[in-house]
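The structure appears below as structure tokens.
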2 protein chains.
Amino acid sequence: MPPTTARARARAEITAEITALAKEQLATVGAAGLSLRAVARELGMASSAVYRYFPSRDDLLTRLIIDGYDSLGEAAERADDPAAPPVTRWLGVCRAVRRWAREHPHEYALLYGSPVPGYRAPRDTVPAAIRVGAVLGRVLGDAARAGLLPPATGRATGALSPDVTPVLGGEHPALDDAVRARALLAWSSVFGTISFELFGHFTGASADPDAFFDDAMRDLAGLVGLRDA
Amino acid sequence: MPPTTARARARAEITAEITALAKEQLATVGAAGLSLRAVARELGMASSAVYRYFPSRDDLLTRLIIDGYDSLGEAAERADDPAAPPVTRWLGVCRAVRRWAREHPHEYALLYGSPVPGYRAPRDTVPAAIRVGAVLGRVLGDAARAGLLPPATGRATGALSPDVTPVLGGEHPALDDAVRARALLAWSSVFGTISFELFGHFTGASADPDAFFDDAMRDLAGLVGLRDA
DNA sequence: CACATCCGAGAGCAGTGCTCTCCCTGAGGT
DNA sequence: ACCTCAGGGAGAGCACTGCTCTCGGATGTG
């Protein structure tokens, strides 16, 4: 259902122009430097006019955040080859995430860095945010179903909410809370390593960042119990 | 050598007052909301006068960053009981870091969140930043020297810079690059987990965050080869 | 005492997010 | 065909920011 009325068409178009320009500005000056007035200026319209499309700067940011999650999620999905063995898949997805992060550092910082001041992520961002995690979760679930996961230890700690089950591989005898908890740990670890690298906490620590990252991701795969063949 | 001249005394005092007030403001409104003018106002002085003490807002931030690293580092050091077994020590330090992070969320975000826009951390922050890592490194080194680490695998990938050796346990036959790399991974994972929790990426995922964190940290300890007894 | 330095205050510049008011255009209903 | 009324643009304005510059007064040093 493309917007039939000319008004709606124009509105959608201008909204897209604004977000595109904002994304450009985000990529160059970062989230904190993103200025509504600047995009308006560059777009040749009064700053007040932009408010017809985005009620506030935070709403623009929310748009960018959602788009960012989607862009990252898509990159992860595209990088995943369901036919490949588990560890290979895991590594491939991790590499894709890292690659995306290095190509879009400001966007990455917006997603996984400090929350924007006084800004609470609205619920709308959740579905997009889950996409990346879901890819890793699928790798885990597929491995379980292929019998490539060690038997569950049964050390269910009750630390996890049942809500995460579907996104972390789904139900399977080899997937108990302990495994899922380790998957969650691995997930946050992936972003921890990437963040550390991107935000400069590793500067001077690794001589070969690519090799270090690959080794680390393989270790994480091993932590959650993934193995090939 | 306390500053004898009254001028220097007053200067140090006012500098301290400014940082204290800035820290307060940081704790309430966050780094992005930190306003030099507000500090000046609350201090009863003209905004321009503050610039006599801090050439720019970023310099104030640098001060807060260094203090933050030191505060966190001290918390970690105080939490470490060198007499305890390795995993206990590891867990204790991790818990202290998490505790500090939860008590100082904005300060934590300033240290480990997105880098401040257009702001490059000066070299001064490095020594303070290393303190936390050094505590974990010491736990690793002590474990190695106590013979509580599995023998090195010898899978030296050359991914690490030799600069990290001293801070990651020092020289020891049980500490090769593979172990150190895993320690570095564990380090970033600790902060990845805490960041995810603090920045809301775990919301709804863990029913018992404390238990989840402890389990995760224990898993990480196992990953680097730590074990008790 | 004289000189130099330090340091506070005020005005001012350029920029920000956001609001309010005014006005015109275009779409929908009668 | 007309009238109405929402949609959307422009401009002025408010309160705020970081930062600079200039002007005096206080303070320490030769």
Side-chain angles (χ1 to χ4, degrees), chain A residues 2-19 21-22 24-26 28-65 106 110 115-120, chain B residues 1-19 21-22 24-26 28-65 106 110 115-120 122:
Chain A
T4 41
T5 92
R7 268 258 232 275
R9 271 195 68 88
R11 180 171 184 85
E13 220 165 272
I14 296 187
T15 307
E17 274 181 52
I18 294 178
T19 57
L21 235 98
E24 209 172 291
Q25 204 176 107
L26 172 62
T28 57
V29 296
L34 198 164
S35 151
L36 247 166
R37 289 179 109 110
V39 302
R41 211 178 306 127
E42 209 139 345
L43 223 130
M45 62 180 359
S47 67
S48 55
V50 180
Y51 284 84
R52 301 280 184 202
Y53 298 88
F54 292 93
S56 81
R57 185 176 167 278
D58 282 359
D59 290 271
L60 218 191
L61 274 187
T62 302
R63 176 78 263 147
L64 296 185
I65 288 176
H106 286 119
L110 180 61
V116 176
Y119 165 82
R120 252 190 64 73
Chain B
M1 57 281 175
T4 42
T5 93
R7 264 253 236 275
R9 272 194 68 86
R11 179 170 186 85
E13 222 165 89
I14 295 186
T15 306
E17 274 181 51
I18 294 178
T19 57
L21 236 99
E24 210 171 289
Q25 206 176 108
L26 171 63
T28 57
V29 296
L34 198 164
S35 149
L36 248 166
R37 289 180 108 109
V39 198
R41 211 178 307 128
E42 206 139 348
L43 224 130
M45 64 183 354
S47 67
S48 55
V50 180
Y51 284 84
R52 300 280 182 203
Y53 300 87
F54 292 92
S56 83
R57 185 176 166 278
D58 282 359
D59 288 272
L60 218 191
L61 273 188
T62 302
R63 175 78 264 147
L64 295 185
I65 288 176
H106 286 118
L110 180 61
V116 175
Y119 166 81
R120 253 192 63 72

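Chain identifiers are assigned alphabetically (A, B, ...) following the order of the sequence lines, protein sequences preceding nucleic acid strands; residue numbering begins at 1 within each chain. Please read these numbers as outputs of a predicted model, since none were measured by experiment.
- Backbone-only engagement by B:Leu34 is indicated by non-hydrogen atom pairs under 4.0 Å involving sugar-phosphate atoms exclusively.
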Enumerate donor-acceptor pairs with a distance under 3.5 Å from any side-chain N or O in residues 48-56 of chain A to protein atoms, sequence neighbours excluded.
unit_1, atom_1, unit_2, atom_2, d
A:Ser56, OG, A:Asp58, N, 3.2
A:Ser56, OG, A:Asp59, N, 3.3
A:Ser56, OG, A:Asp59, OD2, 2.7

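- Here the range on DNA chain C touched by chain B, meaning any atom under 4.0 Å from one of its heavy atoms, is C:dT5 to C:dG12.
- Side-chain atoms of A:Arg11 and base atoms of D:dG7 include no donor and acceptor less than 3.5 Å apart.
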Generate the contact string for nucleotides 21-30 of chain D. Rules: B means base contact, S means sugar-phosphate contact only, - means no protein heavy atom under 4.0 Å. BB---BBS--
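- Residue B:Tyr51 is in base contact, counting any heavy-atom pair closer than 4.0 Å across all strands shown.
- Rounded to whole Å, atom C1' of D:dG7 lies 11 Å from atom CD1 of A:Ile14.
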Could you list the donor-acceptor pairs under 3.5 angstrom formed between side-chain atoms of residues 29-36 of chain B and any protein atom two or more places apart in sequence or on another chain?
unit_1, atom_1, unit_2, atom_2, d
B:Ser35, OG, B:Arg37, N, 3.3
B:Ser35, OG, B:Ala38, N, 2.9

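- Note on B:Ser47: a base of the nucleic acid sits closer than 4.0 angstrom, heavy atoms only.
- Taking each heavy atom of A:Leu64 and A:Leu26 in turn, the nearest pair found is CD1-CD2, 4.0 Å.
- Mapping A:Arg37 and A:Gly44 onto DNA chain D by nearest heavy atom places A:Gly44 at the nucleotide closer to the 5' end.
- In this structure, CD of B:Glu42 is placed 11 Å from P of D:dT17, rounded to the nearest angstrom.
- A:Leu60 comes within 4.0 angstrom of nothing in the nucleic acid, heavy atoms only.
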